[in-house]
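Note that the structure is a prediction, hence the values are computed from the model and not measured.
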Amino acid sequence: MTPWVAPSGDGEQERRAGSSHVYTRHVQSCKGEPTTYIKNMVTGAAQLDGAILVVSALDGVMPQTAEHVLLARQVGVNHIVVALNKADAGDPELTDLVELEVRDLLTEHGYGGDAAPVVRVSGLGALEGDPRWTAAIEALLDAVDTYVPTPVRYTDAPFLMPVENVLTITGRGTVVTGAVERGGVRTGDRVSVLGGDGEPVETVVTGLETFGKPMESAEAGDNVALLLRGVPRDGVRRGHVVAAPGSVRPRRRFTARVYVLSGREGGRTTPVTSGYRPQFYIRTADVVGDVDLGEAAVARPGETVTMTVELGRDVPLEAGLGFAIREGGRTVGAGSVTTVLD
């Protein structure tokens with residue numbers, strides 16, 4: 001199981017919540033600048049089974065909290081557990097109100113706020129070794145284990161892994177790292193590198209590691225490093241995809257259902273029109289795209305619309321793939337591919 005932590009308060013809150021990271025395995029922390037947060041969230045969505053939403057008991061629901069929950073829903077995170085941090089510093093009655101506010105927010109976005117676990121914690125207290133708050137962190141992780149179901153991995157589908165990082169090992173070749181989205185791969189398998197300007201590059205997996213341990217194979221959900229035969233360092237980069245040959249084709253045009261964030265959610269305050277050119281974050285790729293809203297012509301903040309998108313370069317696409325839309329350092333929309341067009 002791979003929980004994800006979405007910090008939703010100030011920097012101090014994030015530092016104080018840091019202790020939750022050491023108790024979990026494969027936690028994806030989405031702290032940092034907004035651009036980094038969105039990249040981490042969208043590119044990690046395929047490997048996320050649930051989320052831990054960290055909310056300050058002193059500050060309550062902030063604008064970015066609503067943005068995090070909305071994006072979690074849009075990119076396919078189906079279960080959220082809430083950590084009310086700074087519970088040692090807040091008034092219990094005010095904390096009760098914050099909890100109600102958070103549950104209402106979850107319900108608004110389809111998460112069943114009445115049933116979602118809400119655990120009151122103190123990251124600072126746990127770091128200092130206070131038994132009450134170390135027990136609270138353990139209770140939080142117990143809630144994750146209980147509430148987030150063990151996922152069904154798509155191991156029978158053709159192999160696909162978005163590339164997150166690229167490394168060069170002197171004398172060995174090029175290594176790509178990422179999380180296997182579906183299927184499985186073994187040492188010796190033939191794969192294709194997709195997403196570049198030219199034709200797919202076919203190669204062979206000559207080595208495979210998971211967290212520094214050599215492995216014979218990996219399957220959906222695993223974080224892996226693949227050593228690729230004969231692929232130059234500049235022949236693959238973040239945003240590309242390694243997949244079973246012939247299983248997916250890069251395309252530029254697709255239709256999608258997109259929710260346009262409102263100003264209250266940190267999005268735009270003015271409508272979007274045909275010809276709009278934002279950045280699309282698709283798997284680990286970010287690429288500019290032209291928006292065509294068809295007869296509607298206009299999409300107002302807070303609306304869900306159908307649009308046709310033409311990307312600036314070919315990207316491996318398929319129906320159901322989630323993405324986020326960014327403009328000027330902020331998230332302005334989130335949606336999923338409905339149809340891939342030739």
Quiz item: Do Leu227 and Leu167 share a hydrophobic cluster, counting only Ile, Leu, Val, Met, Phe, Trp and Tyr and linking them when any side-chain heavy atoms are less than 4.5 Å apart?
Solution: yes
Quiz prompt | Reported NZ-to-CG distance for the pair Lys86 and Leu124, which is rounded to 0.5 angstrom | solution = 10.0 Å
Quiz item: Is a side-chain donor or acceptor of Arg229 paired with a backbone partner of Thr203 at a separation under 3.5 angstrom?
Solution: no
Quiz item: Between the main-chain N or O of Leu293 and the side-chain N or O of Ser274, is there a donor-acceptor pair closer than 3.5 Å?
Solution: yes
Quiz item: Do the side chains of Glu216 and Arg186 get nearer than 4.5 Å, heavy atoms only?
Solution: yes
Self-check item: Euclidean distance, Leu194 CG relative to Glu199 CD, rounded to 0.5 Å
Solution: 10.0 Å
Quiz item: Is Val175 reachable from Met161 through a run of hydrophobic residues whose side-chain heavy atoms are each under 4.5 Å from the next?
Solution: no
Quiz item: Can you check whether Val69 reaches Leu53 side chain to side chain, under 4.5 Å on heavy atoms?
Solution: yes
Self-check item: From Thr65 atom OG1 to Leu106 atom CG, the distance as rounded to the nearest 0.5 Å
Solution: 10.5 Å
Self-check item: From OG (Ser122) to CZ (Arg132), nearest 0.5 Å
Solution: 9.0 Å
Self-check item: Arg103/Glu99 salt bridge by N-O under 4.0 Å criterion
Solution: yes
Practice problem: Could you pull out the closest heavy-atom pair between Ser247 and Pro158, with the gap in Å? | Solution: CB-CB, 3.5 Å
Quiz item: Backbone N or O of Val231 within a donor-acceptor pair of the Thr174 side chain at under 3.5 Å?
Solution: yes
Quiz item: Would Arg283 and Glu181 pass as an ion pair if we require N to O under 4.0 Å?
Solution: yes
Quiz item: Would you call Asp96 and Arg120 a salt bridge, taking side-chain N to carboxylate O under 4.0 Å as the test?
Solution: yes
Quiz prompt | Heavy atoms of other groups near Asp156 CG, more than 12 under 6.0 Å | solution = no
Quiz prompt | Heavy-atom check, side chain of Ile52 versus side chain of Leu140, under 4.5 Å | solution = yes
Quiz prompt | Val337 to Phe254 - nearest heavy-atom pair and separation | solution = CG2-CD1, 3.8 Å
Practice problem: Step by step, work out the side-chain contact (heavy atoms from CB on, under 4.5 Å) result for Val163 and Thr177. | Solution: CA-CA 6 Å; Val163 175; Thr177 66; over 6 Å; no
Quiz item: Backbone N or O of Arg252 within a donor-acceptor pair of the Arg313 side chain at under 3.5 Å?
Solution: no
Quiz item: Do Tyr147 and His79 come close enough that some side-chain heavy atom pair is under 4.5 Å?
Solution: yes
Practice problem: Just do the side-chain contact (heavy atoms from CB on, under 4.5 Å) check on Val309 and Met307 with the steps written out, would you? | Solution: CA-CA 6 Å; Val309 178; Met307 63 175 62; 3.9 Å; yes
Exercise. Scan residues 160-196 for pairs that pass ring-ring contact (aromatic ring centres under 6.0 Å, His included), counting only residues two or more places apart or in two chains.
Key: none
Quiz item: Can the ring centroids of Tyr281 and Phe323 be said to lie less than 6.0 angstrom from one another?
Solution: no
Practice problem: Report yes if some heavy atom in the side chain of Asp189 is under 4.5 Å from a heavy atom in the side chain of Phe159; otherwise report no. | Solution: no
Quiz item: Is there a donor-acceptor pair under 3.5 Å between the side chain of Asp222 and the backbone N or O of Glu219?
Solution: yes
Self-check item: Shortest non-hydrogen separation from Ala179 to Pro162 and the atoms involved
Solution: O-CD, 3.5 Å
Quiz item: Checking Glu303 side chain against Arg300 main chain: does a donor-acceptor pair fall under 3.5 Å?
Solution: yes
Quiz prompt | Heavy-atom donor-acceptor pair, Thr134 side chain to Pro131 backbone, under 3.5 Å | solution = yes
Practice problem: Evaluate the side-chain contact (heavy atoms from CB on, under 4.5 Å) criterion for residues Tyr276 and Asp292: first the C-alpha distance (whole Å), next the side-chain angles of each, then the deciding distance (0.1 Å), finally the verdict. | Solution: CA-CA 8 Å; Tyr276 178 52; Asp292 181 357; over 6 Å; no
Exercise. With the side chain counted from C-beta on, respond yes when Pro278 and Val291 share a heavy-atom pair under 4.5 Å apart, and no when they do not.
Key: yes
Exercise. Write down the atom of Val77, the atom of Tyr111, and the distance for their closest heavy-atom approach.
Key: O-OH, 2.5 Å
Exercise. Starting at CD1 of Ile325, measure out to CZ of Arg330 and round the result to the nearest 0.5 Å.
Key: 12.5 Å
Exercise. Could you tell me the separation between the CG atom of Leu208 and the CG atom of Leu226, rounded to the nearest 0.5 Å?
Key: 5.0 Å
Quiz item: Under a 4.5 Å cut-off applied to non-hydrogen side-chain atoms, are Val224 and Met215 in contact?
Solution: no
Quiz item: Quick one: do Arg190 and Glu202 make a salt bridge, cutoff under 4.0 Å?
Solution: yes
Exercise. Begin from the C-alpha positions of Val248 and Leu160 and carry the test side-chain contact (heavy atoms from CB on, under 4.5 Å) through to its verdict.
Key: CA-CA 9 Å; Val248 62; Leu160 187 146; 4.1 Å; yes
Practice problem: Take Glu164 and Arg238, measure what salt bridge (charged side-chain N to carboxylate O under 4.0 Å, His left out) needs, and give me the verdict at the end. | Solution: CA-CA 5 Å; Glu164 295 183 9; Arg238 178 185 174 90; 5.3 Å; no
Quiz item: Looking at side-chain heavy atoms only, is the closest gap between Val176 and Val242 below 4.5 Å?
Solution: yes
Quiz item: Between Thr255 and Thr338, is any side-chain donor less than 3.5 angstrom from a side-chain acceptor?
Solution: yes
Quiz item: Does one hydrophobic cluster hold both Val118 and Leu100, with members joined at side-chain heavy-atom distances below 4.5 Å?
Solution: no
Quiz item: Going hydrophobic residue to hydrophobic residue with side-chain gaps under 4.5 angstrom, can you get from Val288 over to Val260?
Solution: no
Quiz prompt | Single-linkage hydrophobic cluster Val241~Leu321, side-chain heavy atoms < 4.5 angstrom | solution = no
Self-check item: Ionic contact status for Asp342 with Arg251, cut-off 4.0 Å
Solution: yes
Quiz item: Is Thr331 reaching over with its side chain to a backbone N or O of Gly333, donor-acceptor style, under 3.5 angstrom?
Solution: no
